[in-house]
Amino acid sequence: MSKGPQRIRGTQDIWGEEADRFHAVTAVFDRVRRLYAFQRVEIPVFEDTQVFARSIGETTDVVSKEMYTFEDKGGDSITLRPEFTAGLCRAYLSEGWQQHAPLKLATWGPVFRYERPQKGRYRQFHQLDAEIIGTDAPAADVELLVLADQLLNELGIGAKEDGGITLQLNTLGDAATREAWRAALVAHFEAHRGDLSEDSLARLDKNPLRILDSKDPRDRPIADSAPDIDAFLTAEASDFFAAVTAGLDAAGVAWTRNARLVRGLDYYRHTAFEFVTDRLGAQGTVLAGGRYDGLVESLGGPHTPAIGWAAGIERLAMMIETPLKTRLGVAVVPVGAEYESYARTVLTRLRAKGARADMAFRGNLKRRMTRADADGAFLVAIVGGDEVANRTVTIREMATGRQEVAAVDDLQWVAEAAQQAVEMYEEGMGDTLNDIPLLGDDKR
RNA sequence: GCGAUCGUAGCUCAGCUGGUUAGAGCAUCGGUUUGUGGUACCGAGGGUCGCGGGUUCAAGUCCCGUCGAUCGCCCCA
């Protein structure tokens, strides 16, 4: 290991295949969110600390011990975003986006939490995020869930794969429901106070709902015998949940009711959901969210119903199949250094015509050919004394060894053949040029 | 923040109960082949064994601390 500065704990340097995986996830998300007409938005990585403290809740672990908070040179308290939702709601208020409500928004990027790192869990990690702000229609809940379902399916890890992901769904009811249920739960847990784990005793004061999904065996019987929310649902809350599940069924999205699924953050109402896998150990939640009708108000805005979800990009990237290695259309290879400027002309023309082309910065012919092969080049454009004299380029098809001569003023067909090969490869239609009419039928 | 396991070359690992100059595969670079890559063969470089301290005649190997990774808890994507 070399000396010098080291990576900060819980951060990552993403490179090579890992970077390809990361990009594959964001690329699919960007395509799918367009299908659903979600607008891409960009918001700051840091905000006034109050944005998170007021919306997430001062007493939560996220705010009280996991935020990267610091004072800037002007003396203001700044926090690196631990999630997207609060910042999006702040923007919704401060930028006057209310006039466009309801808004369907999508974004992704780094978020920060000071936590103990584990596999798939970092201090700077990355999330996909989708929100619908400004409507209390259950159809919005459905819309958001169907988006998530299609995203996971297109990533190849959806519920339809065996051992894939399951959508767990619950309702937390409206404010009246939640209050009544919470009171009943507290009464129930108080009655069994002596048998609860230490963790759950602490939860009893801070966040009694969380006892429901405790993993401690001492808590399980008590949690399992706790009253269900269903008995406390108001007619409105019950109708809302029915409308959501009916919409999911109509869209063909598989779901299971998990009456023990709750949210840690205070602003959630009605729909709560998690897409869960058994493949990632304790980090099994891959995408989660819910309706947060109280959040915008807690930021000082008008009552604004909204719903959203977030998904950890690192966790999704670990689950998808290995993406295809990126391959080069054309590698330009000068026979010697004296032909490099001519080669540069060829390279520039190929790129201008849309070919994915590259040229090593230095090296002899053999070295550059080896490099072309390592880069997965479909074609190599060789230039040396003969080519310069004749204003031509020798095009070699790497898979077959066939060669053709192209005029330097007529490289269009070379660029097209290279791009065709790249595209056919990336669409999974064969990875050798034997399958591809690369060198033009008339030239064979 | 709590408990546990681990930390040897760029990567994956070997190194038995402490004992001569720390090994392998892959990768990298060079050669066989100075206008032609993949395969094969030959060769080379690369490690203060995470870091610091201790025990011992002797530490990669034992002990303590520290940093990091991993697993579980907490919390959460």
Side-chain angles (χ1 to χ4, degrees), chain A residues 1-3 6-12 15-17 25 56 59-67 82-85 108 110-123 125-130 148 197-200 202-203 206-207 210 213-217 219 262-265 273-277 280-289 308-319 331 333-336 339 360 363-388 394-403 432:
Chain A
M1 314 297 141
S2 74
K3 303 177 191 80
Q6 297 295 303
R7 190 159 38 80
I8 296 289
R9 183 177 204 197
T11 62
Q12 21 174 12
W15 181 85
E17 187 199 307
V25 170
I56 297 172
T59 62
T60 60
D61 281 10
V62 170
V63 170
S64 62
K65 28 189 218 199
E66 295 176 1
M67 293 203 307
E83 54 143 53
F84 280 102
T85 306
W108 72 80
V111 290
F112 305 85
R113 283 182 205 171
Y114 189 84
E115 294 182 285
R116 188 84 173 259
Q118 286 179 29
K119 194 175 184 62
R121 171 178 182 153
Y122 303 93
R123 289 183 171 180
F125 62 109
H126 301 80
Q127 287 186 332
L128 309 177
D129 190 90
S197 66
E198 301 75 32
D199 282 336
S200 285
R203 291 185 183 110
K206 275 174 54 186
N207 200 351
R210 271 289 171 192
D213 56 8
S214 169
K215 291 168 187 162
D216 194 303
D219 297 330
V262 292
R263 291 269 75 107
L265 308 182
F273 54 88
E274 293 183 8
F275 287 82
V276 180
T277 177
L280 297 178
Q283 280 80 250
T285 300
V286 137
L287 185 153
W309 56 248
I313 295 179
E314 286 84 356
R315 293 185 191 175
L316 293 172
M318 284 192 291
M319 296 182 70
V333 173
V335 169
Y339 309 113
N364 58 21
L365 175 65
K366 180 182 160 72
R367 168 81 183 117
R368 291 184 202 248
M369 287 298 289
T370 304
R371 182 61 181 274
D373 192 60
D375 289 342
F378 289 99
L379 297 178
V380 169
I382 301 168
V383 298
D386 296 347
E387 287 80 2
V388 170
T394 296
I395 303 300
R396 178 182 181 82
E397 186 179 63
M398 291 295 268
T400 63
R402 282 182 307 180
Q403 299 194 170
T432 76

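All values reported here derive from a predicted model rather than from experimental measurement. Chain identifiers are assigned alphabetically (A, B, ...) following the order of the sequence lines, protein sequences preceding nucleic acid strands; residue numbering begins at 1 within each chain.
Distances from the side chain of A:Q118 to the nucleotides B:G72, B:U36, B:C75 place B:G72 closest. Checking B:U36, B:A77, B:G37 against every side-chain atom of A:T394, the shortest atom distance belongs to B:U36. For A:D199, the listed nucleotide lying nearest its side chain is B:C74; candidates were B:A77, B:C74, B:G37. When each of B:G38, B:G35, B:C74 is scored by its nearest atom to the side-chain atoms of A:I382, the top-ranked nucleotide is B:G35. Of the candidates B:U33, B:U36, B:C74, B:U33 carries the atom nearest the A:K366 side chain, counting heavy atoms from C-beta on. Distance from the side chain of A:D61 is smallest to B:C75 among B:C75, B:G1, B:C73. Taking the side chain of A:K119 as heavy atoms from C-beta on, and the options B:G37, B:C75, B:U70, the nearest nucleotide is B:U70. Closest to the A:R367 side chain, of the nucleotides B:C29, B:A77, B:U70, is B:C29. Considering only side-chain atoms of A:R203, the nucleotide from B:C76, B:A77, B:C75 that sits closest is B:C75. Closest to the A:M369 side chain, of the nucleotides B:A77, B:U36, B:C76, is B:U36.
At whole-Å resolution of the value, CZ in A:R9 and C1' in B:G1 are 11 Å apart. As a whole-Å value, the separation of A:R368 CZ from B:U36 C1' is 13 Å. Distance A:M67 CE to B:C76 P: 14 Å, rounded to the nearest Å. In this structure, A:R210 places its CZ atom 8 Å from C1' of B:C75, rounding to the nearest Å. Atom CG of A:D375 and atom C1' of B:A27 are 15 Å apart (whole Å). Counting to the nearest Å, the C1' atom of B:C2 and the NZ atom of A:K215 are 15 Å from each other.
The closest side-chain heavy-atom distance from A:I56 to A:P82 is below 4.5 Å. Looking only at side-chain heavy atoms (C-beta outward), A:E83 and A:R113 come within less than 4.5 Å of each other.
Remark: B:G19 base-pairs with B:C57; criterion is Watson-Crick or G-U wobble with both hydrogen-bond distances under 3.5 Å.
Rounded to the nearest Å, the gap between the P atom of B:U70 and that of B:U33 is 49 Å. B:G53 and B:C49 have their P atoms separated by 12 Å, with the value rounded to a whole Å. On the C1' atoms, B:C51 is 48 Å away from B:U34, given to the nearest whole Å. A distance of about 6 Å separates the C1' atoms of B:A9 and B:G46, rounded to the whole Å.
Place A:K65 and A:G289 on RNA chain B by their nearest nucleotides, and A:K65 ends up nearer the 5' end. Between A:P117 and A:N364, the residue anchored nearer the 5' end of RNA chain B, judged by the nucleotide with its closest heavy atom, is A:N364.
Proximity of A:R121 to the phosphate of B:C71: no side-chain N or O atom is located under 4.0 Å from OP1 or OP2.
Side-chain polar atoms of A:E274 and A:T285 form a donor-acceptor pair below 3.5 angstrom. Looking at A:S200 and A:R203, their side chains do bring a donor and an acceptor atom within 3.5 Å of each other.
Note on A:R113: a base of the nucleic acid sits closer than 4.0 angstrom, heavy atoms only.
No donor-acceptor distance shorter than 3.5 angstrom exists from the side chain of A:R315 to the backbone of A:V286, with no hydrogens or angles considered.
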